[in-house]
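Being a predicted model, the structure only gives us computed values, none of them experimental. Nothing fancy with the numbering, it's 1 onward along the sequence.
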Amino acid sequence: MSDSKFATAINCMDGRVQQPVFEWMKEQFSVEYIDMITEAGPNKVLLEGTEREVESIQSRVQVSYEAHGSEVVAIVGHYGCAGNPIPKDELFGQIEKSVEKIKNWGLEVKVLGLYVNENWEVEVVKE
């Protein structure tokens, strides 16, 4: 393992949102690497998925935390999500609830909720 810092993003599998989140997190948290945990509509999966689906995400976050020393976990929603096609205000509510759920996992990390808008820019929904 290198001395470089890591952060973690629970992000949509949609390739359009990978780079904006990666670059934003690198800049905001002065990290070199972002461990991407991807799902189609990750907020929906965290809140409405099966126990097995949620545990899968949680276990991957745990690996990032334990093996890479990640100190930041972001949950991401985005404009035009095919896996979770809901209005923006509902998605923001899901992002906020997802942040709280992740905080309850007991990891000593900063947890935040992000939204990637129609211009592929990252907005902070909840810190």
pair [X]-[Y]: side-chain heavy atoms closer than 4.5 Å:
{"X": "H68", "Y": "T8", "result": "no"}
{"X": "C81", "Y": "D14", "result": "no"}
{"X": "F6", "Y": "Y65", "result": "no"}
{"X": "K88", "Y": "L91", "result": "no"}
{"X": "I10", "Y": "V61", "result": "yes"}

(message) Is there a path of hydrophobic side-chain contacts, each under 4.5 Å between heavy atoms, that joins V54 and V73?
(response)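 Hydrophobic grouping puts V54 with V73.
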
(message) Starting from I86, can I reach M13 by hopping between I/L/V/M/F/W/Y residues whose side chains sit under 4.5 Å apart?
(response) no

[X] to [Y] - nearest heavy-atom pair and separation:
{"X": "C12", "Y": "Q18", "answer": "O-NE2, 2.6 Å"}
{"X": "M25", "Y": "A9", "answer": "SD-CB, 3.8 Å"}
{"X": "P42", "Y": "I75", "answer": "CB-CD1, 4.0 Å"}
{"X": "V45", "Y": "E39", "answer": "CG2-CB, 4.3 Å"}

Side-chain donor-acceptor pairs under 3.5 Å in residues 103-111, sequence neighbours left out?
residue : atom : partner : partner atom : Å
N104    : ND2  : E100    : O            : 3.2
K110    : NZ   : E127    : OE1          : 3.3

Rounded to the nearest 0.5 Å, what separates atom [atom1] in [X] from atom [atom2] in [Y]?
{"X": "N11", "Y": "D35", "atom1": "CG", "atom2": "CG", "value": "12.5 Å"}
{"X": "E123", "Y": "L114", "atom1": "CD", "atom2": "CG", "value": "10.0 Å"}
{"X": "E53", "Y": "T50", "atom1": "CD", "atom2": "OG1", "value": "3.5 Å"}
{"X": "F22", "Y": "M36", "atom1": "CZ", "atom2": "CE", "value": "7.0 Å"}
{"X": "K126", "Y": "S98", "atom1": "NZ", "atom2": "OG", "value": "11.0 Å"}
{"X": "I34", "Y": "K26", "atom1": "CD1", "atom2": "NZ", "value": "7.5 Å"}

(message) For the backbone of E121 and the side chain of N119, can you confirm whether one donor and one acceptor N or O come within less than 3.5 Å of each other?
(response)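 No, N119 side chain to E121 backbone: no donor-acceptor pair under 3.5 Å.
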
(request) Evaluate the ring planes of W120 and H78, with Trp represented by its six-membered ring, and classify them as parallel (under 30°), tilted (30 to 60°) or perpendicular (over 60°). (result)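 Tilted.
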
(message) For a quick check under 3.5 Å, do N43 and E48 share a side-chain donor-acceptor pair by atom type?
(response) no

(request) Flag the pair E90 and K44 as a salt bridge only when some basic side-chain nitrogen lies within less than 4.0 angstrom of an acidic carboxylate oxygen. (result)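 A salt bridge is absent here (no side-chain N lies under 4.0 Å from a carboxylate O).
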
(message) According to side-chain hydrogen bond (donor to acceptor under 3.5 Å, both in side chains), who are the partners of E55, at least two apart in sequence or on a separate chain?
(response) none

(request) Could you walk me through whether N84 and Q94 pass the side chain to side chain contact (heavy atoms under 4.5 Å, CB included) test, one step at a time? (result) CA-CA 10 Å; N84 190 19; Q94 281 186 344; 2.5 Å; yes

Within a radius of less than 6.0 Å around [atom1] of [X], do more than 12 heavy atoms belonging to other residues, nucleotides or ligands occur?
{"X": "F92", "atom1": "CZ", "value": "yes"}
{"X": "K97", "atom1": "NZ", "value": "no"}
{"X": "E118", "atom1": "CD", "value": "yes"}

(request) Scan L112, V116, V125 and name whichever one has a side-chain contact (heavy atoms from CB on, under 4.5 Å) with V76. (result)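 One option only clears the test, and that one is V116.
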
(message) Show, in sequence, the C-alpha distance, side-chain angles and deciding distance for Q62 and Q58, and conclude whether the side chain to side chain donor-acceptor pair (under 3.5 Å) test is met.
(response) CA-CA 6 Å; Q62 192 76 32; Q58 186 175 2; 5.4 Å; no

(message) Using side chain to side chain donor-acceptor pair (under 3.5 Å), reason through R60 and S56 one step at a time and then give a plain yes or no.
(response) CA-CA 6 Å; R60 288 178 278 161; S56 174; 3.1 Å; yes

(request) Would you please test V72 and V31 for side chain to side chain contact (heavy atoms under 4.5 Å, CB included) and show each step? (result) CA-CA 10 Å; V72 178; V31 295; over 6 Å; no

